[in-house]
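Okay, structure first, notes after.
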Amino acid sequence: MKFETENNELSKTLDPKQFESKWYNHWEDNKYFAPKMGKQKKSYCIIMPPPNVTGKLHAGHALDMTTQDTIIRFKRMKGFKTLYLPSMDHAGIATQSVVEKKILEDEGKSRKDMTREEFLERIWKWKDEYGDFITKQARHIGVSCDWDYFVFTMDQGPHEAVNKVFCDLYNEGLIYQSNYIVNWDPLLQSAISDAEVEHKEVKGAFYHVLYSVKDHDTKLEIATTRPETMLGDTAVAVNPNDDRFKHLIGKTAIVPLCNREIPIIGDEHVDMELGTGCLKVTPGHDFNDFEIGKRHKLETINILNSDGTLNEYGLEWKSMSCKKARKLIVEKLKELGLFIKQHDHIHQVGHGQRSHVPIEPIVSKQWFLNVQEMASTAVKAIEDNKTRFYPKGWENTYFSWLREPRNWCISRQLWWGHQIPVYYCKQCENKWAAEHKPECCTKCDSKHFSQDPDVLDTWFSSGLWAFSTLGWPDKKRMKEKSFNDFFPTSTLVTGYDIIFFWVARMMMMTLKVLGEIPFEKIYIHAIVRDKLGRKMSKSLGNGIDPIDMIDKYGSDAFRFALAAGSGYNRGLNLDPERISGYRNFMNKIWNAFRFIHPFISNTKSKLPDIQTLDNHEKWILGELNSVTLKMNESIEEFRFDDACNAIYQFVYDKYCSWFIELSKNVLYGDNEKSKIQRTSVLKYCFREIVALLHPISPFVTEEFWQYLKNDGEDLLIAQEYPEFDEKLVFDKDQSDMNHFIETITLIRNMRSALNIKPKDEISIELFSGDKELLKYFEKNKVYFHELARVKTIVTANKNGVRPPKSIMSATTNTEIFMPLEGVVDINEHIKRLEKNLEKTKKEFNQNDKKLKNKKFAENAPKDVIEGVKKKVSDLKQKIISLEENVKSFK
RNA sequence: GGGCGUUUAGCUCAGCUGGGAGAGCGCUACCCUUACAAGGUAGAUGUCGGGGGUUCGAUCCCCUCAACGCCCACCA
């Protein structure tokens, strides 16, 4: 027992470091995380959204993992066969950049100085070295995943899944190669998908330039934000309904600078109101223009190199960046007198999600996945409630992405990733897809063939994650991993920022490949921000490092803070102060435990016979029972905030503040029988508290369990989760106790207001119309002394004679009189009484008015009317007694 | 340009299908009372963003305005 000091006493403060890693190792080493069939005879599976291999645990991961682990531990205790499957993503672009940068820094070598094989070897080496850093950190969070199931997206299993799916979709014609305009990231020098483009507001300008018309003396004024792309213009377009220009359709315009002759065409797309009504068409570098180009069979000219600089079409500006060229070209146009004017223009420009540089629309040969049909199937699955979003509102985000999908560009010009399994024969120009590297060409048997150099978008393999992690497509592996038990998985837990990156794609791919939904529920949690609601970022330096927090406050407190902030909200503003608050909470529980510890060692954990329970015991068990219900319901529907509040309040306000305090008298008293009974109730409640809390804060609760468990009982992680019990509902005891608490609080309030020293004892007289309640007070005389230092107490019916010259206060059903003793500031007391009176009268009037309102009486439901009636009569009584007391002093 | 969301105590937020507003932290006063000062007891504070409407009754429903935030959209 590590907590005991030299004197064999438990230390006053809880030190999480004493047991966190101890318990994690113990759980892991003894296979407590492995799926095991429990009483539910059903399984429950969550797949961890794979963190990037380059990653360091950030607050978002911590929230992700905490909510997942809470659900898993809850379900495990409920008796489900649970699997929390840990995984990791190769994160193509991110990882390749990191490693490239590192090699450049260390050795001054770029990727181009190496062969593909050499480079990949280096990445794998890097991955082996740093790759499981994040999984080590995850253990500090306490994730109860079965590490035997760990999968990396580049492992053999997922690789086979990727290849199989690719080939099937290819053979079905859904994966195709096409020359199409794509988002080109000039820094990565790769195509990226639409989802990876972020639009940012950029201050630019409209440049007005003159194009001359061949054999015609008019000049066309064209407005553009990108004058440099005129070098790739292959048409000028006007709206065919535009009277200003329609006579020019069919004529030829001449592009300045390169003097290319291009047709003037009519296209409805041109907005007559915008710019000058004349549009330069650059099919090679603009999405709209590309479409126009297709419609009019225009030539497509690519004026850019893969790094975003101008190529030979750039003439004298060749090899310059677009930005630089733009400036010089504008100057040149000015010289030539072709420049009219420019004015500022703020517009949205696409930037690479990873590289943060402006993306260039470029026409290139890429692989695409036709998602049209898959998308509508995925929409339907949610519409039909086959899978549900929690909170439901996120459906809209999902739908908005899937209802107008553009085909997914899945090829990336990178080396790190799943290489596209398409092969090209050098002999016969055959092209085919194959799951396994072929021996020879499928047509001509030639051994001279090459594989497509591109790799797949990282999200392609992630899209298969719901089933490739469980062994698919290999029958043997699927059996080993109990595929049939765990697929479809139960709940997907993730942030809203990847609803379309990941959730939508898993839905599409899984429905397509297996014809089933990937998961039954989708819980979308908040995005973690700093306490001011700002995104955590490196540049702001406002990031919260989970490991720091765990170090400072303990994993349990950190987890509790995250859970307490998680419900159906979209943002979680994490303030370290809060974590520290919950650290205090953990310490509070610890000290409650320290108090009961000496009494419970020889006590049974079993609940005593209900018949023998006294009022206070029934009360606490009733309260415990409600909390149990609340916790079960809340976790079930992902309202972790409610669950945390419920247990927090129970522990602080019920168990510690009242039950333990009320128990002292019993425990230090002489009645052995009551003592034993009270001890077992204290212990029983504490065991339940610890069990209820375990899914949220696993370490400290497991530690407590060691002191609480019976001989032969397993660890807490393997115990059953408490359930609501109808036998433990005690309404009468609950309401009596509430009156009691109210009365005690009021007496304390009076003491405090009158500046009576905490140690001084007082006498009081209680008047009430409720005989039962008076009896209850009589029975609890001793506690008035314990809790409010009341020396003598007299109870009387409300018709009794009030003591003269007494300080008075009242709840709605009890009047409290405190005879004057010593020097008390009467004026102060009268002031207080009058304030109270005013407040009570106001409340009375409000309710009375309502009652007198005919329409209220006609329309309001009976129970509401009854409630108001009762309130009015109680308040009236209270007013009378307050007034009398005021009078007695005047 | 579309869509979504937020606006409740000093701060961060809860308030389910309408019956008179809550929590945590912070703050104030008094207490080192033998579980806990990472604590105890008591206390203060809100025109529930503005305006209008429906209703006997609105923080909750409808309309409108405002502020802030997020997402989507092909850069004329």
Side-chain angles (χ1 to χ4, degrees), chain A residues 10 12-14 181 183 194 199 202 204 206-207 222-226 229 237 269-271 274-282 285-291 345 347-350 358-361 393-394 396-397 400-401 404 406 496-497 499-500 527 531-533 553 557 564-565 567 569-575 577-578 580-598 639 641-642 644-645 648-649 656-657 660-661 664 745 748-753 755 757-759 787-789 843 846-847 850 853-861 863-865 867-868:
Chain A
L10 300 177
K12 278 193 182 183
T13 47
L14 185 66
I181 190 154
N183 305 295
D194 296 324
H199 292 271
V202 166
F206 258 130
Y207 302 89
I222 291 181
T224 175
T225 54
R226 299 198 59 185
T229 61
H269 165 78
V270 179
D271 184 341
L274 199 58
T276 58
C278 272
L279 176 64
K280 66 191 254 332
V281 182
T282 324
H285 298 289
D286 184 285
F287 288 93
N288 280 319
D289 294 3
F290 182 76
E291 295 300 328
H345 176 60
H347 56 170
Q348 301 284 326
V349 177
I359 61 112
E360 288 292 347
W394 289 115
N396 291 332
T397 303
S400 78
W401 183 256
E404 288 169 57
R406 283 173 57 186
Y496 62 78
D497 50 340
I499 287 178
F500 38 84
I527 297 293
K531 65 174 176 181
L532 299 173
Y553 305 112
N569 46 334
R570 20 178 91 201
L572 194 176
N573 297 358
L574 192 60
D575 183 350
E577 291 267 355
R578 261 191 110 102
S580 128
Y582 292 124
R583 183 268 318 265
N584 296 355
F585 174 56
M586 297 300 153
N587 198 51
K588 182 78 184 175
I589 305 179
W590 165 246
N591 278 292
F593 172 70
R594 277 180 67 223
F595 172 75
I596 63 168
H597 178 59
R639 290 304 304 250
D641 47 353
D642 289 347
C644 288
N645 281 335
Y648 186 97
Q649 273 181 31
C656 291
S657 294
I660 284 188
E661 292 308 324
K664 285 178 180 170
T745 305
R748 286 169 170 172
N749 174 324
M750 291 162 81
R751 295 183 56 114
S752 160
N755 265 324
K757 289 204 179 95
K759 278 182 184 156
L787 301 172
R789 305 290 291 169
E843 204 181 337
Q846 251 176 13
N847 285 283
K850 196 190 283 185
N853 183 339
K854 247 192 223 163
K855 288 188 173 170
F856 173 73
E858 281 164 16
N859 294 310
D863 53 326
V864 173
I865 297 177
V868 175

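Order of the sequence lines fixes the chain letters, A, B, ..., with proteins taken first and strands second; residue numbering starts at 1 for each chain.
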Rounded to whole angstrom, note down the [atom1] distance from [N] over to [M].
N: B/C62; M: B/G1; atom1: C1'; result: 26 Å
N: B/A67; M: B/C25; atom1: P; result: 36 Å
N: B/U41; M: B/U7; atom1: C1'; result: 36 Å
N: B/C30; M: B/A23; atom1: C1'; result: 24 Å

**OP:** For A/Glu291, enumerate each residue passing the salt bridge (charged side-chain N to carboxylate O under 4.0 Å, His left out) test, keeping only those at least two apart in sequence or located in another chain.
**Re:** none

[X] side chain N/O closer than 4.0 Å to the phosphate oxygens (OP1, OP2) of [N]?
X: A/Arg578; N: B/A23; value: no
X: A/Asn584; N: B/G39; value: yes
X: A/Asn859; N: B/C56; value: yes
X: A/Lys12; N: B/C36; value: yes
X: A/Lys664; N: B/U33; value: no
X: A/Tyr582; N: B/U12; value: no
X: A/Lys588; N: B/G40; value: yes

Subject >> Bracket notation of RNA chain B in which parentheses pair within the strand, [ ] cross earlier pairs, and | pairs with another strand (Watson-Crick or G-U, under 3.5 Å) >> reply: (((((((..((((.....[..)))).(((((.......))))).....(((((..]....))))))))))))....

Sequence neighbours left out, what passes ring pair (Phe, Tyr, Trp, His ring centres under 6.0 Å) with [X]? Give chain and number order.
X: A/Tyr553; result: none
X: A/Phe593; result: A/Trp590, A/His597, A/Phe686, A/Phe704, A/Tyr707
X: A/Tyr207; result: none

Original post:
Base, backbone or nothing for each nucleotide of nucleotides 41-48 of chain B, written B, S, -, heavy atoms under 4.0 angstrom, 5' to 3'?
Top reply: SSS-----

Subject >> Whichever of A/Asn569 and A/Phe595 has its nearest RNA chain B nucleotide further upstream toward 5' >> reply: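 Its nucleotide being nearer the 5' end, the pick is A/Asn569.
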
Under the rule for side-chain hydrogen bond (donor to acceptor under 3.5 Å, both in side chains), what residues qualify as partners of [X], not counting sequence neighbours?
X: A/Thr229; result: A/Lys280
X: A/Asn183; result: A/Asp194
X: A/Lys12; result: none
X: A/Gln649; result: none

Original post:
Going by modelled atom types, is there a donor-acceptor pair between the base of B/G20 and the side chain of A/Lys850 at under 3.5 Å?
Top reply: yes

**OP:** Answer yes or no: is there a donor N or O on one side and an acceptor on the other, between the side chain of A/Asn584 and the main chain of A/Tyr582, under 3.5 Å?
**Re:**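 Not confirmed, A/Asn584 side chain does not pair with A/Tyr582 backbone.
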
Could you list, one pair per line, each protein nitrogen or oxygen that sits under 3.5 Å from a nitrogen or oxygen of nucleotides 67-72 of chain B, together with the distance?
none

Quick one: which protein N/O atoms are closer than 3.5 Å to N/O atoms of nucleotides 6-10 of chain B? Pair and distance per line, please.
none

Subject >> Spatial distance of atom CG (A/Leu14) from atom CG (A/Asn591) [nearest 0.5 Å] >> reply: 8.5 Å

